[in-house]
There are 2 protein chains.
Amino acid sequence: MTLTQLRYLIAIADSGFNITLAAEKVHATQPGLSKQLKQLEDELGFLLFQRKGRSLEAITPAGRDVLAHARRVLAEAGNIRAYAANERGEKQGRLTLVTTHTQARFVLPPAIAELARKFPDVSIHLQPASEGEVLDQLAGGLADFAVVSTAGDVPSGGLAVPLYRWRRVVLVPATHELAALGRAPTLAELAPLPLVSYESTNKPESSLRRAFADAGLEPQVAMTARDADLIKTYVRAGLGVGLLAEMAVSARDDADLRALPAPAAVPECVSWAVLPRERVLRDYALDLLLALAPQLDRSDLKRAVAGHDTPAWPAPPTWVELSQAITN
Amino acid sequence: MTLTQLRYLIAIADSGFNITLAAEKVHATQPGLSKQLKQLEDELGFLLFQRKGRSLEAITPAGRDVLAHARRVLAEAGNIRAYAANERGEKQGRLTLVTTHTQARFVLPPAIAELARKFPDVSIHLQPASEGEVLDQLAGGLADFAVVSTAGDVPSGGLAVPLYRWRRVVLVPATHELAALGRAPTLAELAPLPLVSYESTNKPESSLRRAFADAGLEPQVAMTARDADLIKTYVRAGLGVGLLAEMAVSARDDADLRALPAPAAVPECVSWAVLPRERVLRDYALDLLLALAPQLDRSDLKRAVAGHDTPAWPAPPTWVELSQAITN
DNA sequence: CGCGTTTACGTCGTTCGTAACGATA
DNA sequence: TATCGTTACGAACGACGTAAACGCG
């Protein structure tokens, strides 16, 4: 058993059991992978993939178990390499983030721009995912860290670092009746109106639905969309009243719309960075995190990542405070 | 970076930085290890060991971190091998248990004898350790599982499986005044007498000390010893009243002594098997566990080890019930 | 001068890529 | 017939062991 064999095994499994495709991914030849796979199977004493004729058809149950362990082996080997790269002061590498659209579109850009300026040889990969998928992707080892939002709970699946607090806003065309209201509408005022909001609103446990339900009201959700840009588009089209994250509304781009605070009963949210446990992050990943959350202390963060203990995090600023701190 | 290099690294660290000694342990030559170490250091870009002249003097701080990751890599690789050996129905291998003297001397023998009969090609290694060291050794990956006892708490550091319940007994020479008592002595009756018990009694948080303290009494501990045989020896010598695990007293070997139940205020203990998380156990290890605790279900156990969830364990029998079940 | 590490060197095994072959849809 | 996996073969690389050299106590 060698690290190479395990790497090939993973590549084959991740290529849909296509050895030729896997060979390209690992920059090797197809017969090379074929042979190494056979050697690994010989050493272990059983087949890792079910053959149909000469083709690989599926992974065997035992293969699935071996694969899971192989991923851990390679993850740890990767940790050693990442640690060494940090130790050497290496300035190039990859950085993969998994996050939702709102974060990627409205929050991350300045921090990522700064990172790209400071580390021009780091290739940055944004992995978009829906609210629910983010932490799954992270658990799969596909990203260096995740950025997610919750209304209340601390996200699980890793070391959760609070970044900032934010509220939702009600967004309407300038001609809409609510535009002249001059204050936050109440839940009761919103309930009869057609709402346009995020897909996650469809889930019964969404904080928005809960807020209405707690007030004995049922919201009229006219439409849900995956991202804030779509929501704004349909608000402009007069489809309904937008209810979305304050980060998604800009004074410059959305001058034709009017934003009001959401009802007080709609709870505040917190955005978090979730760092996978047992994963060594490159120093530039911590840099990005610090750019996202200036209130954090670098050595605190390093100790938390290494030591597996969760310190008392500094209270996260509001989005308004944070965005001012970043632009200054 | 190869698995071989990491294995050599660990061997060198575990041999007190003596490459020659490490080479013997891994069945390779000394120059081979020397060269592989150098290659690994070259690839990582920094020294793993501090050199003094030509000798290795100590591990560097970075080396310590790399070493920790390397151990995890090799542990996972070992998991793959163990899984494969199970899959193949392999009947030979190693089994290392870490446990206290009482378990090794009075509880494990019949179960281990059965294991040795069923798996003659498995070499069994009992790693003795004091009460406090057991779980540390387990965490270090040095054993397949641990057997420990607690008075109340569930042991941490792995998947804790309750094996049996047991009580302590008061042991005196046949001529001792207590011998004729015919009932359990009270704490007050024991308090003035010189006691002979385990070393762990010295710790203020020991369940024995707590029982006396809760009754407003202070025990007179005349002597502590690491193992039950020593305690019995000194009880025979008239040094005091023995207070020890019921498993350690046998009707046959200790006919010259008299055993009384301990005071009711001395709490019952539970013996546990603690299985390291994230470690694949060989099937014969589970066999041994089942021999130790017949009330367990094999598939329950397998699921618990694989699935990381702790099921509702069956209530453990008392030692008396268990020893009858084993001898039948 | 013994102990332990490093360097040098020759051999062997292994891996890898190219090319040809086989099977399948 | 196109696609994908296996087999065959030759070249290159790398690992390993023996032997010798080097430093240090």
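Here is the naming used below: chain letters follow the sequence lines, and residue numbers restart at 1 for every chain. These figures come from a predicted structure and were not determined experimentally.
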Show the atom names and distances, to 0.1 Å, of all donor-acceptor pairs under 3.5 Å that link a side chain in residues 16-24 of chain A to residues at least two apart or in another chain.
| unit_1 | atom_1 | unit_2 | atom_2 | d |
| --- | --- | --- | --- | --- |
| A/N18 | OD1 | A/T20 | N | 3.0 |
| A/N18 | OD1 | A/L21 | N | 2.9 |

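A side-chain contact (heavy atoms from CB on, under 4.5 Å) with A/L48 is found for exactly one of A/L37, A/I59, A/D65, namely A/L37.
Residue A/E43 contributes atom CD, which lies 12 Å from atom P of C/dT14 at whole-angstrom precision. In this structure, CZ of A/F49 is placed 16 Å from C1' of D/dT6, rounded to the nearest angstrom. Distance, A/Q50 CD to D/dG5 C1': 17 Å, rounded to whole Å. Straight-line distance from the NE2 atom of A/H27 to the P atom of C/dC16: 15 Å, rounded to whole Å.
The closest donor-acceptor contact from the side chain of B/E76 to the backbone of B/V73 lies at 3.5 Å or more, if one exists at all. A side-chain donor-acceptor contact under 3.5 Å links A/T233 to the backbone of A/D229.
Side-chain contact annotation: B/Q50 with B/E57, donor-acceptor N/O pair under 3.5 Å absent. A donor-acceptor contact closer than 3.5 angstrom is absent between the side chains of B/R226 and B/H101.
Contact check on A/R298 versus A/D287 returns a salt bridge, with a Lys/Arg side-chain nitrogen under 4.0 Å from an Asp/Glu carboxylate oxygen. With respect to B/R105 and B/D227, no salt bridge is recorded, no charged nitrogen being found less than 4.0 Å from a carboxylate O.
Interface residues of residues 2-15 of chain A facing DNA chain D, ordered by number: none; criterion, heavy-atom separation under 4.0 Å.
A residue-by-residue look at A/G32 and A/K52 shows that A/G32 has its nearest nucleotide of DNA chain C further toward the 5' end.
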Next item on the list: Do nucleotides 2-11 of chain C as a string where each nucleotide becomes B, S or -: B if the base has a protein heavy atom under 4.0 Å, S if just the sugar-phosphate does, - if no protein is that close.
Entry: --BBBB----

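Residue B/Q36 places none of its side-chain N or O atoms closer than 4.0 Å to OP1 or OP2 of D/dG14.
Within 4.0 Å of A/E57, counting heavy atoms only, lies no atom of the nucleic acid at all.
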